[in-house]
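These notes are about the structure you will find just below.
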Amino acid sequence: MPVPVPRQRAIPAVESGQAQAAPAVGGPSKEETVRNEATTAENRNNAAHDHSAHHTALNATPADGVHQGVSTTSVSTTDVSTADVNTTSVSTSSVSATGVGTAHTTLTLLLIEDDPTAAPIVHDLLDADGRPIRVRTARNLTEAERLLTHDVHCILLDLALPAPGKAGEPDDELAVLRHVLRLAPRHAVLALTASGDAERGTEAVRVGAQDYLYKDELDGRLLSRAIRYAVERKRSDTAERRLAEGKLRAQENARLERGLLPTPLLEGSPLRFAARYRPGRSRALLGGDFYDTVRTPDGTVHAMIGDVCGHGPDEAALGVELRIAWRALTLAGLCGDELLNTLQQVLEHERDDDEIFATLCTVDIAPDGRRAGLCLAGHPAPLIARPDRPARLLPYDNNGPALGLLPGARWPRMQVELGAEWSLMLYTDGLIEGRIGEGRERLGQDGMVEMIRRQLSEGLSGEALLRAAVNEVRELNGGELTDDVALVLLDRLPVPLP
């Protein structure tokens with residue numbers, strides 16, 4: 001960074017007329033600017049060249065500042081579902097450097113100066129509304145730490161103050177400033193330096209101070225403006241940093257949760273796959289529902305969908321563990337009752353509470369695609385649709401208990417006929433437990449079957465069918481669903497004639 005040209009006196013951007021003051025506590029009102037314009041014209045002309053360099057220094061990124069644009073991010077969960085990630089906007093007009101709104105709060109200044117004769121200079125200071133600025137005085141850093149309470153908005157620091165250090169350490173002319181910044185990372189800091197020592201002042205701004213002033217050129221009006229400007233700048237920097245950090249956290253969470261959703265392993269299978277996922281908890285990509293689909297070397301396609309009771313991050317993590325365990329056990333050759341019994345052991349070892357349970361539906365489709373084995377562990381039965389008959393539910397008479405409820409439980413495997421051409425939809429109960437209108441009536445399985453029949457008759461299929469189903473259930477519920485929703489759709493299309 002080029003070294004700024006030394007200036008004759010420090011003039012904040014809001015005073016020089018090159019930048020507008022913020023409308024809150026940190027800057028003068030429009031009427032005050034107009035009233036003082038004539039009296040400051042000469043100062044602006046004399047300091048224009050010097051201020052240009054200082055303004056460049058002020059716009060250098062502080063050590064604790066992050067300047068990034070923040071926008072709402074839409075994250076697609078691979079190619080099967082879409083969820084919105086919302087960042088939270090922070091209003092710079094209501095958040096102070098200390099995290100407290102200052103729109104109607106008297107400003108408090110902490111002066112750290114070991115020269116008692118310098119203290120009277122900072123008295124009789126006024127904020128933008130003409131109210132006195134409270135001043136506290138500390139003669140050393142020990143006193144400053146004691147006086148630095150949550151209601152302090154700005155620190156006025158003499159850079160010539162002795163710095164706390166150990167014998168033999170190399171000299172650092174900004175050591176006292178670095179110590180104060182570590183002590184008060186959320187407060188605005190103004191640096192006081194000797195007249196003409198612009199290089200040290202600009203270095204202080206680079207390190208993290210909001211501005212610097214010459215000790216022997218202070219007056220009440222200049223200092224009042226500098227304090228308000230420093231508070232506003234710190235407030236803005238803090239808000240921008242929080243927004244940027246929030247955006248980064250949202251992006252990291254999105255990548256993590258998106259990575260936890262499965263990638264179907266169907267290479268070599270003629271079946272077409274689609275899925276839809278919508279968590280119930282706010283601003284999440286993953287809930288307690290889970291699903292997966294894999295094809296084993298013998299050509300069998302295995303599909304699964306499950307639901308851990310609850311909607312929080314612990315339930316989501318447990319659902320991911322069960323899904324990964326299911327995939328590993330399936331690829332190892334387990335299925336039916338043996339697989340579900342092993343999954344129950346995993347659940348019992350991994351859950352935090354003995355009351356936690358999970359429902360599960362597994363389907364293993366034969367290599368020819370015409371029949372399948374079905375196991376239900378407290379889960380609603382899948383829906384099958386074929387061209388020659390209306391959509392219906394598969395049999396669920398032999399539904400076993402949910403995983404984690406009964407030690408030593410059994411889950412019988414039912415053989416079902418699918419036919420030559422079909423669509424098989426697996427779903428969680430979030431799809432059928434939404435309300436219909438303002439009453440207590442819920443959609444239920446019968447209502448869901450009728451809805452899917454109508455949507456199929458309208459020509460919907462694949463991802464479009466799942467998206468329409470979720471959207472209609474939300475509309476019937478009168479808004480967002482409280483439970484997670486997951487859907488998996490497998491289609492066996494007719495083989496084209498040669």
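Quantities reported herein were computed from a predicted structural model and do not represent experimental measurements.
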task = Would you check if Arg278 and Asp484 make a side-chain contact, meaning some heavy-atom pair closer than 4.5 Å?
result = no

message = The test is side-chain contact (heavy atoms from CB on, under 4.5 Å); show your working for Asn477 and Arg474 and say whether it passes.
response = CA-CA 5 Å; Asn477 190 60; Arg474 288 178 59 241; 5.6 Å; no

inquiry  = Can you confirm whether Leu343 sits close enough to Leu347 that some side-chain heavy atom of one is under 4.5 Å from a side-chain heavy atom of the other?
reply    = no

task = For the pair Trp326 and His302, name the ring-plane relationship: parallel under 30°, tilted 30 to 60°, perpendicular over 60°.
result = perpendicular

request  = Write down the atom of Gly336, the atom of Cys375, and the distance for their closest heavy-atom approach.
outcome  = CA-SG, 3.7 Å

ask   = Quick check: does any side chain N or O of Asn471 sit under 3.5 Å from a backbone N or O of Arg467, one acting as donor and the other as acceptor?
value = yes

query = In Å and rounded to the nearest 0.5 Å, what is the CD to CG distance from Glu315 to Asp289?
reply = 11.0 Å

Pairs satisfying side-chain hydrogen bond (donor to acceptor under 3.5 Å, both in side chains), at least one member in residues 332-344, at least two apart = Asp337-Arg410

key: 4.5 Å side-chain heavy-atom contact, Leu383 and Leu424   = no

inquiry  = For Ile356, is there any backbone N or O sitting under 3.5 Å from a side-chain donor or acceptor partner on Arg351?
reply    = yes

Chi angles and distances behind the side-chain contact (heavy atoms from CB on, under 4.5 Å) call for Ile324, Arg327 = CA-CA 5 Å; Ile324 294 174; Arg327 175 176 284 201; 5.8 Å; no

ask   = Counting only N and O atoms by type, is there a donor-acceptor contact under 3.5 Å from the side chain of Asp292 to the main-chain atoms of Pro262?
value = no

ask   = Salt bridge or not for Asp151 and Arg136, using N-O below 4.0 Å?
value = yes

Donor-acceptor pair between Ser423 and Arg272 side chains, under 3.5 angstrom = no

task = Can you establish whether the number of heavy atoms outside Glu458 located under 6.0 Å from its atom CD is more than 12?
result = yes

inquiry  = Just verifying a value: how many Å separate Leu340 CG and Leu360 CG, rounded to the nearest 0.5 Å?
reply    = 5.5 Å

ask   = Counting distance only, does the side-chain N/O of His349 pair as donor-acceptor with the main-chain N or O of Gln345 below 3.5 Å?
value = yes

request  = Give the intermediate values and the outcome of side-chain contact (heavy atoms from CB on, under 4.5 Å) for residues Arg435 and Arg440.
outcome  = CA-CA 6 Å; Arg435 299 186 183 278; Arg440 289 183 168 271; 3.9 Å; yes

inquiry  = Whether the side chain of His187 engages the backbone of His153 through a donor-acceptor N/O pair (distance < 3.5 Å, no angle test) should be reported.
reply    = no

inquiry  = Under a plain distance cut-off of 3.5 Å, with no hydrogens placed, do Asp307 and Thr428 share a side-chain donor-acceptor pair?
reply    = no

query = Are Val485 and Tyr277 close enough, and set up right, to give a side-chain contact (heavy atoms from CB on, under 4.5 Å), and what steps lead you there?
reply = CA-CA 6 Å; Val485 178; Tyr277 198 103; over 6 Å; no

ask   = Within a strict 4.5 Å, meaning less than it, do heavy atoms of the Ile112 and Val180 side chains meet?
value = yes

request  = Compare all side-chain heavy atoms of Leu431 with those of Met448 and state whether any distance is below 4.5 angstrom.
outcome  = yes

note = Separation between CG (Leu318) and CZ (Phe290), nearest 0.5 Å, reads 7.5 Å

inquiry  = Salt bridge or not between Glu463 and Arg276? Use side-chain N to carboxylate O under 4.0 Å.
reply    = yes

task = In sequence, state the C-alpha distance, the side-chain angles, and the governing distance for Arg370 and Glu417, and then conclude on salt bridge (Lys or Arg N to Asp or Glu O under 4.0 Å).
result = CA-CA 6 Å; Arg370 291 180 171 270; Glu417 295 296 325; over 6 Å; no

task = Would you mind checking if Arg242 and Glu245 are paired as a salt bridge, meaning a charged N to carboxylate O distance below 4.0 Å?
result = no

task = Find the distance between CD (Glu450) and CG (Leu443) and round it off to the nearest 0.5 Å.
result = 10.5 Å

task = State which residue, out of Val207, Leu156, Leu181, Val205, fulfils the side chain to side chain contact (heavy atoms under 4.5 Å, CB included) condition with Val189.
result = Leu181

ask   = Okay, side chain of Arg492, backbone of Leu418: is any donor-acceptor separation there less than 3.5 Å?
value = no

query = Do you know the tightest heavy-atom contact between Val449 and Ala391?
reply = CG1-O, 3.5 Å

query = So, do Leu490 and Ile365 sit near enough that their side-chain heavy atoms are less than 4.5 Å apart?
reply = yes

query = Which heavy atom in Leu456 sits nearest to a heavy atom in Leu460, and how many Å separate them?
reply = CD2-O, 3.6 Å

key: Side-chain (Asn140) to main-chain (Glu143) donor-acceptor, under 3.5 angstrom   = yes

message = Checking Asn399 now: which residues fulfil side-chain hydrogen bond (donor to acceptor under 3.5 Å, both in side chains) with it, not counting sequence neighbours?
response = none

request  = Answer yes or no: is there a side-chain heavy-atom contact under 4.5 Å between Asn398 and Trp411?
outcome  = no

request  = Scan for side-chain hydrogen bond (donor to acceptor under 3.5 Å, both in side chains) pairs involving residues 377-396, sequence neighbours excluded, and state none if there are none.
outcome  = Thr359-His379

ask   = Counting distance only, does the side-chain N/O of Thr300 pair as donor-acceptor with the main-chain N or O of Thr296 below 3.5 Å?
value = no

key: Short side-chain donor-acceptor distance under 3.5 Å, Gln455 and Glu472   = yes

request  = Measure across Leu322 and Ala358 and return the closest heavy-atom pair with its distance rounded to 0.1 Å.
outcome  = CD1-CB, 4.0 Å

task = List the atom of Met414, the atom of Pro395, and the distance in Å for their closest heavy-atom pair.
result = CE-O, 3.7 Å

ask   = In terms of heavy-atom contacts, does CD of Glu480 have more than 12 from other residues, nucleotides or ligands at under 6.0 Å?
value = yes

query = Do Leu265 and Thr293 come close enough that some side-chain heavy atom pair is under 4.5 Å?
reply = no

request  = To the nearest 0.5 angstrom, please state how far the CZ atom of Arg235 sits from the CD atom of Glu240.
outcome  = 13.5 Å

ask   = Do Arg228 and Glu232 pass the salt bridge (Lys or Arg N to Asp or Glu O under 4.0 Å) test, and can you show the C-alpha distance, the side-chain angles, and the key distance before you say yes or no?
value = CA-CA 6 Å; Arg228 298 197 301 269; Glu232 278 301 313; over 6 Å; no

task = Could you tell me whether the side chain of Tyr291 and the main chain of Tyr427 form a donor-acceptor pair under 3.5 Å?
result = no

request  = State plainly whether the residues Arg413 and Asp364 are in salt-bridge range, i.e. N to O under 4.0 Å.
outcome  = yes

query = Shortest non-hydrogen contact from Gly434 to Leu481?
reply = CA-CD2, 4.1 Å

Reported CG-to-CD1 distance for the pair Leu393 and Ile384, which is rounded to 0.5 angstrom = 11.0 Å

query = With a cut-off of 6.0 Å (strictly less than), are more than 12 heavy atoms of other residues, nucleotides or ligands near CZ of Arg371?
reply = no

